Amino acid sequence: MSANRWRSAMNSARPSVPRVLPAAVRTARQAIAPPDPYADSNAPHWLKFLWRHLAARHVFTAALVVLFPLFATPFFTYQVAAQSLVLGLIALSLTFLGGYGGMVSLAQMTVAGIAGYAMAVFGTSSSAEISLGWPWWVAVPMAIIFSALCATLIGWLSVRTEGIYTIMITLAIGVAFYYLVLQNYSVFNGFQGLRELHPPNFLGIAWREPVPFYYLALGCALFGYFGVKWIVRAPFGIALLGIRDNPRRMEALGYHVVAHRVAAYALSGVLAAVGGILLAWYNALMTPGSVGMSWLINILVIAVLGGMRHPIGAFLGAMVFVLLQTFAIDLIDRERFNLVIGGVFLAIVLFSPDGLLGLWAKFRARFHPDQA
């Protein structure tokens with residue numbers, strides 16, 4: 001069933017209520033709005049799209065993230081910015097599942113860990129008797145494919161449940177994988193893990209250095225962000241939104257609800273796998289602590305902090321999390337970091353269930369009601 005048919009079916013049951021603005025506001029907007037030079041031209045579609053949707057804040061944000069290493073120290077570039085992008089990419093996979101599919105999974109860090117371990121086993125590591133020694137351009141794609149298949153299997157096991165049952169199933173899978181890598185020495189090297197996981201020197205660039213690794217993480221993060229934005233506007237994404245809101249009605253319209261949900265798990269698995277490989281390169285190792293229960297919860301905290309219904313919220317939540325993790329130890333003991341992040345999480349959720357972006361939306365609605 002096409003997206004247009006789904007839209008017409010959904011609109012037929014509920015009359016649309018147009019948004020009415022005061023006449024003065026409409027007149028002011030029309031007066032200050034710049035003319036569209038591509039309205040009647042044969043310009044490419046992407047150029048028209050950029051002109052109509054690109055705002056000043058988008059240009060400023062793009063310039064900031066691209067030029068950030070030029071005025072930031074290597075510590076901030078690598079320890080804060082690059083780590084935020086990596087964790088944000090993993091949290092983005094959960095945002096896609098929870099915000100657009102209505103499925104909260106605690107196994108996204110598990111999928112990322114599977115990708116990191118798979119890359120270490122297929123490629124090279126400190127344990128030569130375990131690693132197969134394949135070149136990186138074979139090991140990395142194989143790790144992503146293997147992790148996506150594992151995510152598909154996790155989705156197939158959990159999509160037939162809803163709510164707390166889905167959370168418990170994915171949590172059980174994550175805990176089971178943690179104890180598997182902790183106790184297995186023939187493949188995962190037990191509690192010592194697999195070390196010396198370095199990115200390749202591709203094109204003569206040492207990608208382990210702060211600035212190259214930042215741009216590598218930035219490129220993967222942009223690919224994941226725009227990929228999610230494109231998917232949710234495609235017929236598959238529109239159907240997924242309908243399944244999130246009313247699965248019985250979508251099934252009556254002819255959609256295969258279980259297949260769409262499993263496919264969403266597979267797509268989120270690709271995002272988590274890329275983030276897991278970057279995380280393995282960032283830490284230069286994969287250990288059971290990388291996939292422990294604390295990190296299963298941390299990814300959920302990051303996604304909720306930023307806002308589950310906004311793809312950019314995953315990176316915003318990751319930035320807040322990394323900043324607290326990096327600088328909170330100057331004020332309190334490292335062992336009490338979970339108390340700090342828990343307090344911040346509780347405060348944001350109480351004041352805005354939609355995270356930090358929800359707080360920003362409330363601020364705009366209060367001080368700029370014409371732009372809300």
Side-chain angles (χ1 to χ4, degrees), residues 56-95 109 112-113 115-116 119-120 136 140 195-228 271-287 289-290 295 298-299 301-303 305-307 310-331 334 337 340-341 344 356-357:
R57 65 180 184 275
H58 299 140
V59 177
F60 173 78
T61 303
L64 178 64
V65 296
V66 171
L67 301 178
F68 182 79
L70 300 181
F71 56 84
T73 63
F75 173 82
F76 273 93
T77 300
Y78 190 75
Q79 297 291 339
V80 177
Q83 186 179 186
S84 299
L85 291 171
V86 173
L87 294 178
L89 186 58
I90 301 175
L92 179 63
S93 66
L94 178 56
T95 299
M109 194 64 189
M119 183 195 64
W136 70 268
V140 171
R195 304 175 182 273
E196 298 183 11
L197 305 180
H198 302 296
N201 291 330
F202 181 60
L203 299 176
I205 301 174
W207 295 101
R208 188 69 168 79
E209 296 297 322
V211 174
F213 186 83
Y214 169 82
Y215 283 115
L216 176 63
L218 178 61
C220 294
L222 290 176
F223 176 80
Y225 172 78
F226 287 110
V228 170
L271 295 175
V274 175
I277 291 174
L278 292 175
L279 186 64
W281 284 342
Y282 174 83
N283 294 319
L285 56 86
M286 284 299 300
T287 63
S290 304
W295 276 107
N298 287 342
I299 294 301
V301 170
I302 290 173
L305 277 179
H310 311 277
I312 196 64
F315 301 100
L316 180 61
M319 183 178 63
V320 174
F321 181 87
V322 171
L323 288 174
L324 289 174
Q325 186 183 47
T326 304
F327 298 104
I329 59 175
D330 295 334
L331 303 176
R334 182 180 294 271
F337 168 73
V340 175
I341 194 65
V344 174
L356 293 173
L357 291 176

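What you see is a predicted model; the values in this text were computed from it and never measured. Note that these values count all heavy atoms, side chains included, but never hydrogens, waters or copies made by symmetry.
At distances below 3.5 Å, not a single donor-acceptor pair connects side-chain atoms of Ser290 with backbone N or O atoms of Met286. At distances below 3.5 Å, at least one donor-acceptor pair connects side-chain atoms of Tyr215 with backbone N or O atoms of Val66.
Counting heavy atoms from C-beta on, the side chains of Leu271 and Val228 come closer than 4.5 Å. Trp281 is listed as a side-chain neighbour of Val140, based on a closest heavy-atom distance under 4.5 Å.
Residues Ile90 and Leu279 approach most closely at CD1-CD2, 4.3 Å, considering heavy atoms. Smallest separation of non-hydrogen atoms from Ala272 and Ser93: CB-OG, 3.7 Å. Cys220 and Leu89 make their closest contact through O-CD1, 4.0 Å (heavy atoms, listed as atom of the first residue, atom of the second, distance). For Ala303 against Leu94, the heavy-atom pair with the smallest separation is CB-CD2, 4.0 Å. For the pair Leu278 and Ala217, the tightest heavy-atom approach, listed with the atom from each and the gap, is CD1-CA, 4.1 Å. Contact record, Ala280 with Gly116: CB-CA, 4.1 Å, taken as the closest heavy-atom pair.
Leu324 contributes atom CG, which lies 10.5 Å from atom CE of Met319 (distance to the nearest 0.5 angstrom). One distance of note links CD of Gln83 with OG1 of Thr326; it measures 6.0 Å at 0.5 Å rounding. Remark: Ile299 CD1 to Ile302 CD1 distance equals 4.5 Å, nearest 0.5 Å. Summarising the geometry, atom CG belonging to Leu92 is positioned 11.5 Å from atom CG belonging to Leu85; distances are rounded to the nearest 0.5 Å.
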>> What verdict does the side-chain contact (heavy atoms from CB on, under 4.5 Å) test give for Leu87 and Trp295, after you've listed the backbone C-alpha separation in whole Å, the side-chain angles of each residue and the deciding distance to 0.1 Å?
In response: CA-CA 10 Å; Leu87 294 178; Trp295 276 107; 3.9 Å; yes
> So His310 and Phe315, side-chain contact (heavy atoms from CB on, under 4.5 Å) or not? Walk me through it.
Replying inline: CA-CA 10 Å; His310 311 277; Phe315 301 100; over 6 Å; no
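Not counting sequence neighbours, the partners of Phe68 by the side chain to side chain contact (heavy atoms under 4.5 Å, CB included) test are Phe71, Ala72, Phe76, Thr77, Ala81, Tyr214. By the ring-ring contact (aromatic ring centres under 6.0 Å, His included) test, Phe202 is found to be paired with Trp136, residues two or more places apart in sequence or in another chain being considered.
Residue pairs meeting the side-chain hydrogen bond (donor to acceptor under 3.5 Å, both in side chains) criterion with at least one member in residues 196-213, sequence neighbours excluded: Tyr78-Arg208.
Annotation: Phe223, atom CZ; neighbour count of heavy atoms from other residues, nucleotides and ligands within 6.0 Å does not exceed 12.
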